[in-house]
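Step one of this worksheet: look at the structure below.
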Amino acid sequence: MDVKSAFLNGLLYEEVFVEQLKGFVDPHHPSYVYRLKKALYGLNKHRGLDELFIAQIYVDDIVFGSTNQSKVQQFVNVMSHEFEMSMVGELNYFLGLQIKQIHDGIFISQAKYAKSLVKKFGLENAKHCDIPMSTTLKLSKDANGKNVEQNLYRGMIGSLFYLTVSMPDISFSVGVCARYQANPKESYLVAVKRIIRFVNSTSNHGIWYSFNTNPSLVGFSDAHWGGNCDGMKSVLGGCFFPGNSLVSWFCKKQNSISLSITEAEYIAAGSACTQLMWMKQMLADYSLEQRTFTLFCDNMSAINISKNPVQHSRTKHIDIRHYFIRELVESKTIALQHVKTNDQLADLFTKPLDTLRFGDLSKSIGICHLG
């Protein structure tokens, strides 16, 4: 739901108390608590062991759910009565989201949006592509290249970003092309059109979420050392699964240059750990507790650094802020485990892949076609 008449913190009509913040405890009344007069973002309530209702609020957007369907409808009625609301269906219409519930799972796709995107840029009759980005052609600064219209290029990039909601397998290639929006060249436009031609051949693809899963959270982290041709910065990637369902992923260029592949992999693992910790808190809100999360990495040196408390010449150059992984490992909050390169799902978010490997990894993260 989206609140058209935006509000901030609503008044509370129930007694709710919170502890004093650490470092700001009243020295005269250290045992006192605060009584809330207005609601805070992130506040959720449990009533009994068999019923749960959660409303997550960000400014004027609300995502909510409950184990009791009647409570969901009751919440919709109350909010619609108090505020001018628009339902999520408007966003679904804009993005062309199609949600199909089959007996053993849910399939989410953007087939209608994908086809309209291809038609919008006049590529519906162009030759199809099996992969969104060539493995032999690497994009870099093309100072002598022919300029192309900025609005056209940026429009293509923006449209493709919306499509990554149900097609995360194009996230890496779209991200690479997005780096050149300030001064797009003809060579970049060719690369973007290739992505759209790939979309044309896979417009009916989407993500499958099976009901036959479990709440155990695992992640995969990877780095392509020096993968960015401009400045030789590494490309970091990660993906996260409660059970076997992909719910979060990232691919980004590293802020600084890594001096070794071990450093790049270790920093990628650090980024993945921060995401896992955030997801841990989210799961806790849903009463899904898990003591240890597993993060898969295909670099044994990076894993060994997380377990070795001794700093030496091989690791002292790694930024100290990334050493919090050790604390997570020592507290058994995160368990770093080795995974074979062929089974590294995060490869999909760090580098161009050949047709066979791209197809295998896409299937592994839940991309499929239901007909």
Side-chain angles (χ1 to χ4, degrees), residues 105 130-133 135 164 166-173 175-176 198 202 205-210 212-227 234-252 254 258 260-277 279-280 290 292-307 325 328-329 332-369:
D130 295 327
I131 51 177
M133 179 166 281
T135 57
T164 60
S166 65
M167 296 181 67
D169 50 350
I170 67 172
S171 296
F172 169 75
S173 52
V176 171
F198 170 77
T202 58
H205 287 196
I207 303 182
W208 170 252
Y209 293 99
S210 173
N212 184 24
T213 186
N214 62 76
S216 297
L217 181 61
V218 299
F220 292 79
S221 71
D222 188 42
H224 186 196
W225 186 38
S234 301
V235 178
L236 314 180
C239 49
F240 308 91
F241 301 79
N244 55 11
S245 300
L246 178 69
V247 297
S248 180
W249 59 90
F250 72 87
C251 52
K252 61 182 180 180
Q254 190 179 334
S258 291
S260 66
I261 188 172
T262 298
E263 179 184 356
E265 292 278 4
Y266 193 69
I267 292 175
S271 296
C273 283
T274 59
Q275 182 71 4
L276 281 171
M277 295 305 295
M279 295 178 73
K280 176 184 179 181
Q290 183 177 340
T292 303
F293 301 98
T294 302
L295 178 64
F296 291 102
C297 174
D298 60 4
N299 187 283
M300 281 302 303
S301 296
I303 295 175
N304 290 335
I305 291 175
S306 71
K307 299 177 181 179
I325 300 177
L328 297 177
V329 172
K332 296 184 179 180
T333 302
I334 300 288
L336 260 67
Q337 293 189 17
H338 183 259
V339 63
K340 295 180 180 179
T341 300
N342 289 338
D343 298 324
Q344 176 54 276
L345 303 186
D347 261 1
L348 194 64
F349 302 98
T350 60
K351 58 182 74 70
L353 302 171
D354 60 62
T355 303
L356 180 60
R357 181 148 174 78
F358 181 88
D360 288 343
L361 292 185
S362 293
K363 292 179 181 177
S364 297
I365 67 171
I367 302 294
C368 63
H369 169 51

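In this chain, numbering begins with 1 at the start of the sequence shown.
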So, does [X] use its side chain to make a donor-acceptor pair with the main chain of [Y] at under 3.5 Å?
X	Y	value
S171	P168	yes
T294	V218	no
S260	E263	yes

Let me confirm one number: the [atom1]-[atom2] distance from [X] to [Y], rounded to the nearest 0.5 Å.
X	Y	atom1	atom2	value
L353	T135	CG	OG1	8.5 Å
N342	D360	CG	CG	9.0 Å
T350	K252	OG1	NZ	14.0 Å
Q275	S248	CD	OG	3.5 Å
S221	I325	OG	CD1	8.0 Å
M167	S362	CE	OG	8.5 Å

Could you work out, with salt bridge (Lys or Arg N to Asp or Glu O under 4.0 Å) as the rule, every residue matching K351, not counting sequence neighbours?
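K351 satisfies salt bridge (Lys or Arg N to Asp or Glu O under 4.0 Å) with D222, D347 once adjacent residues are dropped.
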
Check: [Y] and [X] side chains under 4.5 Å, non-hydrogen atoms:
X	Y	value
F241	L345	yes
H205	D169	no
W208	S210	yes
V176	S173	no
C273	L295	yes
S306	Y266	yes

Who are the ring pair (Phe, Tyr, Trp, His ring centres under 6.0 Å) partners of Y209, not counting sequence neighbours?
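Testing Y209 for ring pair (Phe, Tyr, Trp, His ring centres under 6.0 Å), a comparison that skips the adjacent residues, returns none.
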
Can you name the nearest heavy-atom pair linking [X] to [Y], along with the distance?
X	Y	result
F250	A268	CZ-O, 4.3 Å
T213	S245	OG1-OG, 4.4 Å
C239	L246	CB-CD1, 3.7 Å
L328	M277	CD2-SD, 4.0 Å
L348	L361	N-CD1, 3.9 Å
M133	F172	SD-CE2, 4.0 Å

Run the ring-centre check on F240 versus F293 and record whether the distance is less than 6.0 Å.
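When the ring centroids of F240 and F293 are compared, they turn out to be at least 6.0 Å apart.
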
Quick check on side chain to side chain contact (heavy atoms under 4.5 Å, CB included): which of L236, D298, I303 does E265 satisfy it with?
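Testing E265 for a side chain to side chain contact (heavy atoms under 4.5 Å, CB included) against L236, D298, I303 leaves exactly one candidate, D298.
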
Aromatic plane relationship, F349 with W249 - under 30° parallel, 30 to 60° tilted, over 60° perpendicular
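Answer is parallel, since the angle falls under 30°.
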
Neighbour count >12 (heavy atoms, 6.0 Å) for atom CG, N214
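Count over threshold, so yes.
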
With a 6.0 Å cut-off (strictly less than), is the heavy-atom count around CG of D130, excluding the residue itself, greater than 12?
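It does not: D130 CG has 12 such atoms or fewer within range.
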
I334 vs T292, side-chain contact (heavy atoms from CB on, under 4.5 Å): CA-CA, chis, key distance, verdict
CA-CA 5 Å; I334 300 288; T292 303; over 6 Å; no

